[in-house]
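The figures here come from the full heavy-atom set of this structure, side chains too, leaving out hydrogens, waters and symmetry mates.
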There are 2 protein chains.
Amino acid sequence: MALRLYDLAGADPDRRFSPFCWRIRMALAHKGLAVETLPWRFGEKARLAASGQGLVPVLEDGATVVSDSWAIACHLEDQYPDRPSLFGGPGGRAMARFIAAWTDSVVHLGVARCVVKDIWDVIAPADQPYFRDSREKRFGMTLEQFVANRDATVLEFRASLGPLRFTLGKQPFLGGDSPNYADYTVFGAFMWARNVSAFRLLEAEDPVHAWRARLLAAFDGLAGGSLGYEV
Amino acid sequence: MALRLYDLAGADPDRRFSPFCWRIRMALAHKGLAVETLPWRFGEKARLAASGQGLVPVLEDGATVVSDSWAIACHLEDQYPDRPSLFGGPGGRAMARFIAAWTDSVVHLGVARCVVKDIWDVIAPADQPYFRDSREKRFGMTLEQFVANRDATVLEFRASLGPLRFTLGKQPFLGGDSPNYADYTVFGAFMWARNVSAFRLLEAEDPVHAWRARLLAAFDGLAGGSLGYEV
């Protein structure tokens with residue numbers, strides 16, 4: 001059955017930077033499922049009409065259309081149970097929600113404070129007014145103001161990764177000896193940054209940097225080979 | 001086989017407030033294992049000699065002695081596999097380490113900034129100099145200074161629980177439909193506070209408050225019936 005994923009793209013259709021879409025790209029590779037990714041831009045809400053909402057990722061799995069990264073991950077786990085598990089059992093599925101919630105708040109805020117202006121720079125001109133207006137309303141300041149202090153806020157960001165760093169001192173991946181959806185969830189935030197910005201989020205000697213390198217190399221370099229920056 | 005747990009106690013031997021010991025008390029109840037808890041005070045390092053270190057929890061399981069809450073949880077999971085799982089599979093075991101790391105840093109710091117002076121008030125007089133000296137060295141200030149601003153820092157603490165609160169909006173427990181070791185890990189931090197202090201950490205309408213209430217009531221009120229404060 002053909003799988004197709006609507007995947008957020010920049011002005012260059014090969015620039016794929018949605019953290020939520022990267023969760024699903026990695027999850028599909030984990031399951032060994034081939035997928036056709038369809039570049040999608042913020043303004044193209046109408047193309048997602050079958051999903052009943054206007055955000056990516058949206059997965060078409062034959063006649064089934066699923067939106068929301070968490071729902072898509074659960075769909076893949078349930079529809080393809082004979083392939084490698086994304087969660088490693090029911091406990092992992094439940095706890096992965098917490099790790100996603102931590103990522104969505106702590107990690108995404110820290111990344112956004114460093115690179116959100118860089119996103120604006122690489123998206124299609126037609127998307128730029130929507131992106132600027134919606135984010136500036138959310139942040140209560142201009143994009144430029146939001147990242148103005150990033151040489152300092154990146155230090156807070158690195159400190160906020162303490163629980164991840166500690167865990168990686170005990171085991172190679174959040175999923176244990178091998179990566180699973182918990183890893184892809186956090187890793188998506190780093191792909192969001194990598195594919196729009198040359199700004200250095202992590203120090204080279206940080207165990208989080210080595211973990212990210214392992215995931216960039218995973219699945220024959222699926223993520224590491226994508227259009228972005230070497231950081 | 002008799003199980004015995006060395007459990008940190010205050011001046012009143014019934015006052016049990018170690019967050020790490022509470023993780024194990026709850027884990028033992030989850031497994032349906034009866035345990036004899038032995039009140040232990042900070043100064044009694046010699047009583048733990050068989051464990052090769054000086055901190056509780058220490059579990060005696062027949063001739064086996066295990067220290068460190070994480071190692072004890074894994075011991076229980078591996079030695080009693082036919083009883084309800086603490087982790088819900090290998091993915092849950094791996095991800096529970098991250099939740100423990102988040103608890104140990106974010107949650108414990110927030111709780112300590114509110115109640116660490118209250119701990120000093122309830123421990124045995126013989127333990128007070130050790131406790132004050134070691135914590136004041138760690139914090140770089142007096143216990144009184146560390147909690148002086150708690151009416152403000154508790155607001156930061158509540159905000160830091162965002163990922164927990166969001167997850168509890170999706171499912172009743174971190175473990176999913178029923179609690180598991182991930183829940184007990186975070187819950188231990190609240191028992192640490194509850195059993196030494198009347199300070200109100202959570203607002204009554206907070207979903208985290210309702211989750212805590214469910215765990216206080218679990219296992220016939222094991223935690224809720226312990227000597228502490230109604231908060």
Exercise for review: Could you note down all residue pairs passing ring pair (Phe, Tyr, Trp, His ring centres under 6.0 Å) where residues 135-158 of chain A supplies at least one of them, sequence neighbours left out?
Suggested key: A/Phe139-A/Phe146
Point to revise | Qualifying residues under ring-ring contact (aromatic ring centres under 6.0 Å, His included), relative to A/Phe219, sequence neighbours excluded | key: none
Review point. Can you name the ring-ring contact (aromatic ring centres under 6.0 Å, His included) partners of B/Phe166, sequence neighbours left out?
Key: none
Point to revise | Which atoms of B/Leu164 approach chain A - backbone, side chain, both or neither, heavy atom under 4.5 Å | key: both
Donor-acceptor pairs between chain A and chain B under 3.5 Å, which ones?
residue: A/Gly88; atom: O; partner: B/Gly91; partner atom: N; Å: 2.9
residue: A/Gly91; atom: N; partner: B/Gly88; partner atom: O; Å: 2.9
residue: A/Ala94; atom: O; partner: B/Gln171; partner atom: NE2; Å: 3.1
residue: A/Gln171; atom: NE2; partner: B/Ala94; partner atom: O; Å: 3.1

Exercise for review: Pick whichever of A/Pro163, A/Ala101, A/Ala100, A/Ala96 has the most heavy-atom pairs under 4.5 Å with chain B.
Suggested key: A/Pro163
